[in-house]
Asker: 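Below is a structure I'd like to ask you about.
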Amino acid sequence: MILDVQGLTKRFGDFTAVDNITFHAKPGEILGLLGPNGAGKTTTIQMLLALITPTAGQIRIFGEDLARKREAILQRVNFSSTYVQLPFSLTVRENLTVFARLYGMKRQRVVEVMDELEIAHLADRKTKTLSSGQLTRLHLAKALLNHPELLFLDEPTASLDPDTADRVRKHLRAVRERMGLTMLYTSHNMREMEELCDRLVFLHQGKILFEGAPKQLLAERGVEDLEALFLEVAREEREDA
Ligand SMILES: Nc1ncnc2c1ncn2[C@@H]1O[C@H](COP(=O)(O)OP(=O)(O)OP(=O)(O)O)[C@@H](O)[C@H]1O
Ligand SMILES: [Mg+2]
C-alpha cells in the first residue's frame, strides 16, 4: 500500500474538519477525493503532507509512519496546489531551479519539466506576470521535479482552459504509465474526476459518505454520471441538515 490512512481526524477548536476517515491508495492508482466546498479535502491533503498535525489517526506512506519518518517520506512525495505561493519576483526558471536544488536534482531536470508542462517559452518571465493557467502549469512542473512516487494534486486544473486541462490530464496519465506514479486528486470538475480517477472517495462534512470505482458508484446509485450523483448526494444531505 502506497498510502494508508486510518481514523484520520482534524479538529480546529471544537469544529471537526476531518472526522475519523480511513482510506488507502494502491500503487499506480489515481484516487479522487471529492465533495462539496468545506468537505475537508484540502485539510486532509495538508495532513498527508505533514503541513498540519492530525488531532487523531495514523498516516502510513510507503509503509512507514509519516509522523516518524517525515523527511524520508517527503523526499519521495510532491504536491501541487494554488494555496502555496511561489516567490513572485523570481522567473519561472529561477523558481524551478531553487526547488530542483532543494530536491537534489540536476539543472537538466528543470529543462525537462519545462518541456513536459509546455512552459519552456516562459522560462525568463517573472512568476508574477503569469496568467493563472500558466502559473498552474508551473506548479505542476515543480511538483514533478523530484520524480515523486506519490503526488497530491489539489484542484490542479481549476484555472486551466479545456484544451490545456486536457493536455495536463494526458500528461499526468503518461507520467503514471511511465513511472508508476500514484496520485491523490481533487477537483470540482465531475467529468474530469469520472474520466481520470480509478477510485473515488466522497467526503462530506469531514466524513466519508462512500467510495468506489466511478462506474461502480454510478451503477449502485442508478445515475447517469458523476455530476448527477454529486447533486443527488449534496441535496440529500442538505435536506437532512
Ligand atoms: N485553520 C483552520 N481553522 C479553522 N477552520 C478551518 C481551518 N482550515 C480549514 N478549516 C475549515 O475546515 C473545513 C474544511 O476545509 P477544507 O479547506 O479542507 O475544505 P475543502 O474540502 O478543501 O473545500 P473546497 O472545495 O472549498 O476547497 C471548512 O469548514 C474550513 O472552513
Ligand atoms: Mg480545498
Side-chain angles (χ1 to χ4, degrees), residues 3 5-25 30-59 61 66-67 74 77-86 132-133 135-140 142-143 150-160 165 168-169 172 182-197 199-212 214 217 225-241:
L3 172 68
V5 173
Q6 299 280 341
L8 191 64
T9 298
K10 181 67 187 180
R11 279 192 278 276
F12 296 107
D14 54 14
F15 174 74
T16 306
V18 175
D19 195 354
N20 192 22
I21 63 173
T22 295
F23 67 94
H24 66 272
I30 304 183
L31 181 68
L33 203 54
L34 81 165
N37 293 132
K41 304 178 296 293
T42 297
T43 307
T44 300
I45 289 179
Q46 287 180 323
M47 288 191 276
L48 299 179
L49 285 164
L51 293 171
I52 59 173
T53 313
T55 308
Q58 199 193 33
I59 299 167
I61 298 180
L66 179 64
L74 294 181
V77 167
N78 212 324
F79 73 103
S80 168
S81 79
T82 38
Y83 52 75
V84 177
Q85 285 197 353
L86 295 168
S132 60
L135 194 58
T136 301
R137 278 181 284 153
L138 172 58
H139 276 271
L140 280 167
K142 178 241 129 199
L150 175 61
L151 193 53
F152 298 110
L153 298 171
D154 198 359
E155 300 191 40
T157 54
S159 57
L160 300 179
V168 164
R169 282 193 293 272
L172 289 174
T182 306
M183 283 180 250
L184 182 68
Y185 200 94
T186 84
S187 169
H188 287 296
N189 180 336
M190 293 301 113
R191 258 186 56 204
E192 170 172 283
M193 293 297 265
E194 196 177 324
E195 181 196 314
L196 190 68
C197 298
R199 215 149 46 79
L200 299 168
V201 171
F202 196 109
L203 271 186
H204 186 266
Q205 295 182 348
K207 292 192 179 72
I208 295 178
L209 283 188
F210 50 81
E211 61 177 289
L217 291 178
D225 57 23
L226 197 57
E227 176 108 8
L229 176 58
F230 187 100
L231 292 173
E232 193 181 289
V233 173
R235 282 171 191 160
E236 270 170 26
E237 289 299 315
R238 205 155 275 172
E239 277 160 23
D240 289 348

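One-based numbering along the sequence shown. Each ligand, and each atom within it, is numbered from 1 in the order the structure gives.
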Asker: Residue by residue, ordered by chain and number, which ones reach under 4.0 Å of ligand 1 with a heavy atom?
Answerer: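 Within 4.0 Å of ligand 1, the protein residues are Phe12, Phe15, Ala17, Pro36, Asn37, Gly38, Ala39, Gly40, Lys41, Thr42, Thr43, Glu155, His188.
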
Asker: Between atom OG1 of Thr157 and atom NE2 of His188, what is the distance when rounded to the nearest 0.5 Å?
Answerer: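 Thr157 OG1 to His188 NE2: 10.5 Å, rounded to 0.5 Å.
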
Asker: State whether a side-chain donor-acceptor pair under 3.5 Å links Asp154 with Thr186.
Answerer: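 There is such a pair between these side chains.
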
Asker: Does the cation-pi check pass for Lys41 over Tyr185, that is, NZ or CZ under 6.0 Å from the six-membered ring centre and within 45° of its axis?
Answerer: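 Relative to the ring axis of Tyr185, which defines the angle, Lys41 lies outside at least one limit.
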
Asker: Donor-acceptor pair, distance only, cut-off 3.5 Å: does the side chain of Thr22 make one with the backbone of Gly7?
Answerer: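 Yes, Thr22 side chain to Gly7 backbone: donor-acceptor pair under 3.5 Å.
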
Asker: Under a 4.0 Å N-O cut-off, is there an ion pair linking Arg191 with Glu227?
Answerer: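 Salt bridge: no.
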
Asker: Take Leu31 and Phe23, measure what side chain to side chain contact (heavy atoms under 4.5 Å, CB included) needs, and give me the verdict at the end.
Answerer: CA-CA 10 Å; Leu31 181 68; Phe23 67 94; 3.6 Å; yes

Asker: With side chain to side chain contact (heavy atoms under 4.5 Å, CB included) as the test, pick out the partner of Ile30 among Leu196, Leu172, Leu184.
Answerer: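 When side chain to side chain contact (heavy atoms under 4.5 Å, CB included) is applied between Ile30 and each of Leu196, Leu172, Leu184, only Leu196 qualifies.
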
Asker: Determine, stepwise, if the pair Leu48 / Phe79 fulfils side chain to side chain contact (heavy atoms under 4.5 Å, CB included).
Answerer: CA-CA 10 Å; Leu48 299 179; Phe79 73 103; over 6 Å; no

Asker: Leaving out waters, which are not shown anyway, how many protein N, O or S atoms lie closer than 2.8 Å to the Mg ion (ligand 2)?
Answerer: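 Those protein atoms number 1 in total.
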
Asker: So how far is it from Asn20 CG to Ile208 CD1, rounded to the nearest 0.5 Å?
Answerer: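 So the gap between those two atoms works out to 9.0 Å.
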
